[in-house]
Amino acid sequence: MDESRPVTDPEDGSVLAIRTIAMPADTNPSGDIFGGWLMSQMDLAAGNVAGRVSRGRAATVAVEGMKFHQPVKVGDEVTIFARLVSRGRTSMRIAVEAHARRRFAEDAVVVTAADFYFVALDDHGSKRALPEA
Ligand SMILES: CC(=O)SCCNC(=O)CCNC(=O)[C@H](O)C(C)(C)COP(=O)(O)OP(=O)(O)OC[C@H]1O[C@@H](n2cnc3c(N)ncnc32)[C@H](O)[C@@H]1OP(=O)(O)O
């Protein structure tokens, strides 16, 4: 049996980097999911792509255009897609989208999107050139 499965969508090059359930521990005192929790999931997802593209250590250098279109609720199934948009000498621009499927629904909605910029780092934390694609 062939155990290997492609992880990158051949249509748009995106990766389903994270799928998780929003839990009560991720809420603020009002019972709503923290934007910061969702941002950290998106950062992790972008970091997943950055690690693969840079084939090593990489760090977030900037986030652009973060917009929260819809709230995330406790029990939502949150799926984070990340896609390499462009690469510079040391940096990568990675588009990230967070989708939420409500607990008892079938369809998911886009809740948040942003562009994350990562820089490839060497062992000393200094920027390094990206390897050849
Ligand atoms: C505080 C935290 O813990 S945040 C989370 C983790 N992130 C970090 O710790 C990163 C902290 N930052 C750093 O260590 C440094 O800023 C570094 C190593 C990432 C970059 O070092 P610098 O010498 O400032 O890099 P420099 O200004 O030359 O930019 C490096 C690349 O990033 C790109 N870049 C820098 N700032 C931005 C920005 N605001 N938006 C988009 N790209 C940017 C540059 O265009 C350049 O790309 P290129 O090499 O592909 O042309």
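In each ligand, atom 1 is the first atom listed, and ligand 1 is the first ligand listed.
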Review point. So, do D26 and F34 sit near enough that their side-chain heavy atoms are less than 4.5 Å apart?
Key: no
Check your understanding: Counting only heavy atoms not in R102, do more than 12 fall under 6.0 Å of its CZ?
Key -> yes
Review point. Around atom CG of D12, are there more than 12 heavy atoms of other residues, nucleotides or ligands at under 6.0 Å?
Key: yes
Review point. Considering all heavy atoms of both residues, which atom of I80 and which atom of A45 are nearest to each other, and what is their separation?
Key: CG2-CB, 3.3 Å
N/O to N/O under 3.5 Å, ligand 1 against protein:
{"unit_1": "ligand 1", "atom_1": "7 (N)", "unit_2": "T60", "atom_2": "O", "d": "2.9"}
{"unit_1": "ligand 1", "atom_1": "23 (O)", "unit_2": "K127", "atom_2": "NZ", "d": "3.4"}
{"unit_1": "ligand 1", "atom_1": "28 (O)", "unit_2": "K127", "atom_2": "NZ", "d": "2.5"}
{"unit_1": "ligand 1", "atom_1": "47 (O)", "unit_2": "S91", "atom_2": "OG", "d": "3.0"}
{"unit_1": "ligand 1", "atom_1": "49 (O)", "unit_2": "T90", "atom_2": "N", "d": "3.0"}
{"unit_1": "ligand 1", "atom_1": "49 (O)", "unit_2": "T90", "atom_2": "OG1", "d": "2.6"}
{"unit_1": "ligand 1", "atom_1": "50 (O)", "unit_2": "R89", "atom_2": "N", "d": "2.8"}
{"unit_1": "ligand 1", "atom_1": "50 (O)", "unit_2": "T90", "atom_2": "N", "d": "3.0"}
{"unit_1": "ligand 1", "atom_1": "50 (O)", "unit_2": "S91", "atom_2": "N", "d": "2.9"}
{"unit_1": "ligand 1", "atom_1": "50 (O)", "unit_2": "S91", "atom_2": "OG", "d": "2.7"}

Check your understanding: Under 4.5 Å between side-chain heavy atoms, hopping through other hydrophobics if needed: is there a path connecting F68 to V74?
Key -> yes
Point to revise | Atom pair CG (L16) and CG (D9), whose distance is rounded to the nearest 0.5 Å | key: 9.5 Å
